[in-house]
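Okay, structure first, notes after.
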Protein chains: 2
Amino acid sequence: MRILLVEDDRMLGDGLQAGLTQAGYAVDWLRDGEAAVSALSTESFAAVVLDLGLPKRDGLSVLQWLRGRHDATPVLILTARDQLEDKVRGLDLGADDYVLKPFDLDEIAARLRALVRRAHGRPEPVLTAGEIELNPAARSVTRAGQAVELTPREFDLLHLLLENTDRVLTRRTLEEQLYTWNEAVDSNALEVHIHHLRRKLGNDLIRTVRGVGYMVPAGTTP
Amino acid sequence: MRILLVEDDRMLGDGLQAGLTQAGYAVDWLRDGEAAVSALSTESFAAVVLDLGLPKRDGLSVLQWLRGRHDATPVLILTARDQLEDKVRGLDLGADDYVLKPFDLDEIAARLRALVRRAHGRPEPVLTAGEIELNPAARSVTRAGQAVELTPREFDLLHLLLENTDRVLTRRTLEEQLYTWNEAVDSNALEVHIHHLRRKLGNDLIRTVRGVGYMVPAGTTP
DNA sequence: CCGTCTCTTAAGGTGCCCCTAAGCTGACGC
DNA sequence: GCGTCAGCTTAGGGGCACCTTAAGAGACGG
């Protein structure tokens, strides 16, 4: 289990590295924010232990950058007790947990374990097509990383299409799935929803197969 | 099971000692902070019941000293209702639980039991979402560092939601978890509790997913 | 036994979503 | 090039899910 430790204080860093190594982690120790960003952009870690006061690039900035590229690597923040403001801002920026100075090594190890378990334990299945991503658990959709708001019907319809990429779904099939039982619609409601989806997600995503139905091509944008 | 009681009030201390002894604990009762530090540095206890207003050395100071030497002995803090600030600081300093004056002996005994049990395993991590923090052990919630009082139902509901951030929980799921199979409520009780939570914690925390249920987004507020 | 706190129930209001419908556009066949 | 048809686009009204509020039932402690 490889983790990244970012801490500029020599004494603290040394102690943390020793302790975390003892706890069974493979620890990479860097001293400034820029090095951290560089490492995080090329390598993968099970978690990051991040001090806030860093040379060259602040810890919060590193965190923000990390989350900005949709990297969900668990981040444990080290902060002084009197800097509650930083703590709150860190959590807002997407930190997973924090530990106050002075540190308890056991506590840090325990929290790391919890973080890794939480992050690793449930990989949420995500459906993708081109730049579109759909997360069924969160009922959320993103386009090129940007969140897109869909209504329930729109979401269900897109969900169906993404579960059957590269396969044409007939209008009949779609309506049967969307409208349970007997509330069959006798209008062009389906077309309207397709239209709304295209407005929000781009015209290239859903292809019309004339006389049959609709299809979403798999893989990258065709 | 030996525990340390630190309380300067004669009446209170006497009552607590009697009650806790009755509950099956071996109780050492000390009257001031310095004596407590002295005892804690040489002896081992299954838990500490700590009043905050103490002669010679303040309770919080004792707690800080204890945690400073990486002693993970469970600490239950006794505090007056109007000193919420102390409570929050105590939890930040590593207290495991707190009880408000006036005390209920049964409650204290129960919490002690829970503390000791948990000490053998691992403390539950704090759940966070945005500026909200929930401490399952203490059953406490803070918003931007400020303590927020929740009723039991409200707390349980929030707990469920925070354990599943970024995942939509259906109304059905929530009701099944909140109300043990004996009785499913056939009203909008859930909606009312959601409403109350929003009043206390802000409207942005809990998102309605129409036709499905509720969800609290992890990390920053979208 | 009374006051307080909490939870449920119920009613009324509201905003959003979804269907409908009707006109429009582009494709295909002749 | 024109007719026809499938699908596209737009707008509006109605319904329903959810919100909000208030009050009574129940639990608990004094």
Side-chain angles (χ1 to χ4, degrees), chain A residues 139 141 148-161 168-215, chain B residues 15 19 81 99-108 110 139 141 148-161 168-172 174-175 177-180 182-216:
Chain A
R139 284 189 77 89
V141 173
V148 176
E149 298 295 329
L150 297 185
T151 70
R153 277 277 202 273
E154 290 164 8
F155 182 89
D156 291 338
L157 175 54
L158 180 63
H159 195 182
L160 278 173
L161 290 168
V168 177
L169 296 180
T170 67
R171 171 183 314 247
R172 173 68 156 274
T173 302
L174 289 170
E175 284 177 348
E176 280 176 353
Q177 297 285 329
L178 282 183
Y179 309 103
T180 47
W181 299 337
N182 37 17
E183 56 176 357
V185 290
D186 57 341
S187 80
N188 62 346
L190 181 64
E191 295 170 18
V192 174
H193 289 304
I194 291 283
H195 175 56
H196 290 152
L197 280 177
R198 284 181 172 146
R199 272 176 79 117
K200 295 179 177 178
L201 302 173
N203 286 321
D204 299 335
L205 180 68
I206 304 173
R207 212 148 84 192
T208 303
V209 181
R210 197 180 174 82
V212 185
Y214 298 94
M215 184 198 74
Chain B
R81 171 171 285 280
V99 173
L100 299 175
K101 301 182 185 180
F103 304 127
D104 174 356
L105 261 178
D106 288 337
E107 188 190 5
I108 291 184
R139 285 189 75 86
V141 173
V148 177
E149 297 297 330
L150 297 185
T151 69
R153 275 276 200 274
E154 290 165 6
F155 181 88
D156 291 339
L157 175 54
L158 181 62
H159 193 184
L160 277 174
L161 290 168
V168 176
L169 297 181
T170 65
R171 172 182 311 250
R172 174 71 152 273
L174 289 170
E175 284 176 349
Q177 297 285 328
L178 284 181
Y179 310 100
T180 46
N182 47 21
E183 185 178 6
V185 289
D186 59 339
S187 79
N188 62 347
L190 181 63
E191 295 172 22
V192 176
H193 290 306
I194 291 282
H195 177 57
H196 290 151
L197 281 178
R198 285 183 173 144
R199 273 176 81 113
K200 294 178 178 179
L201 303 173
N203 286 321
D204 298 335
L205 180 68
I206 304 173
R207 209 151 87 191
T208 302
V209 181
R210 198 182 175 80
V212 186
Y214 297 94
M215 184 197 74
V216 5

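Sequence lines set the chain letters: A, B, ... in the order given, protein chains first and strands last, and positions in each chain run from 1.
Among the protein residues, B:Phe155 comes within range of no part of the nucleic acid, since none of its heavy atoms lies under 4.0 Å from any strand. In this structure, A:Arg210 reaches the bases: a heavy-atom distance under 4.0 Å links it to at least one base atom across the strands shown.
A pairwise comparison of heavy atoms in A:Ile206 and A:Arg198 identifies O-NH2, 3.0 Å as the closest pair. Across all their heavy atoms, A:Leu158 and A:Leu201 have their closest contact at CD2-CD1, 3.7 Å.
Between the CD atom of B:Glu149 and the P atom of C:dC5 there is a distance of 12 Å, given to the nearest Å. As a whole-Å value, the separation of A:Leu157 CG from C:dC17 C1' is 15 Å. Here the C1' atom of nucleotide C:dC17 and the CG atom of A:Leu150 are 13 Å apart, to the nearest Å. Taking atom CZ of residue A:Arg139 and atom C1' of nucleotide C:dC17, one finds them 13 Å apart after rounding to whole Å. Rounded to a whole Å, the CZ atom of A:Arg153 is 11 Å from the P atom of C:dT20. Remark: P of C:dC18 and CD of A:Glu154 are 6 Å apart, rounded to the nearest angstrom. Spacing between atom CZ of A:Arg172 and atom P of D:dA6 amounts to 16 Å, rounded to whole angstrom units. If you take CD of A:Glu175 and P of D:dG7, they are 11 Å apart, rounded to a whole angstrom.
Residue A:Thr208 holds its OG1 atom at 9.0 Å from CZ of A:Arg171, rounded to the nearest 0.5 Å. Annotation: the span from A:Asp204 atom CG to A:Arg207 atom CZ amounts to 10.0 Å, rounded to 0.5 Å. In this structure, A:Leu174 CG and A:Ile194 CD1 are separated by 6.5 Å, a value rounded to the nearest 0.5 Å.
When each of B:Lys200, B:His159, B:His193 is paired with B:Glu154, the side-chain hydrogen bond (donor to acceptor under 3.5 Å, both in side chains) condition holds for B:Lys200 and for no other.
Checking B:Glu191 against A:Gly213, the closest nucleotide of DNA chain D that is more toward the 5' end is the one next to A:Gly213. When each of A:Pro152 and A:Asn188 is assigned the nucleotide of DNA chain C bearing its nearest heavy atom, the one mapping closer to the 5' terminus is A:Pro152.
Phosphate contact (OP1/OP2 of D:dA17, side-chain N/O of B:Thr208, threshold under 4.0 Å): absent. At the phosphate of C:dC16, neither OP1 nor OP2 sits under 4.0 Å from any side-chain N or O atom of A:Thr151. Taking 4.0 angstrom as the limit, B:Tyr214 places none of its side-chain polar atoms (N or O) nearer than this to OP1 or OP2 of D:dA17. The phosphate of D:dA17 (OP1 or OP2) has no side-chain N or O of B:Arg171 nearer than 4.0 angstrom.
Judged by distance alone, with hydrogens and angles left aside, the side-chain atoms of B:Arg210 form no donor-acceptor pair with the main-chain N or O of A:Pro152 at under 3.5 Å.
Contacts between residues 192-201 of chain A and DNA chain D, defined by a heavy-atom separation under 4.0 Å, are made by A:Val192, A:His195, A:Arg198, A:Arg199.
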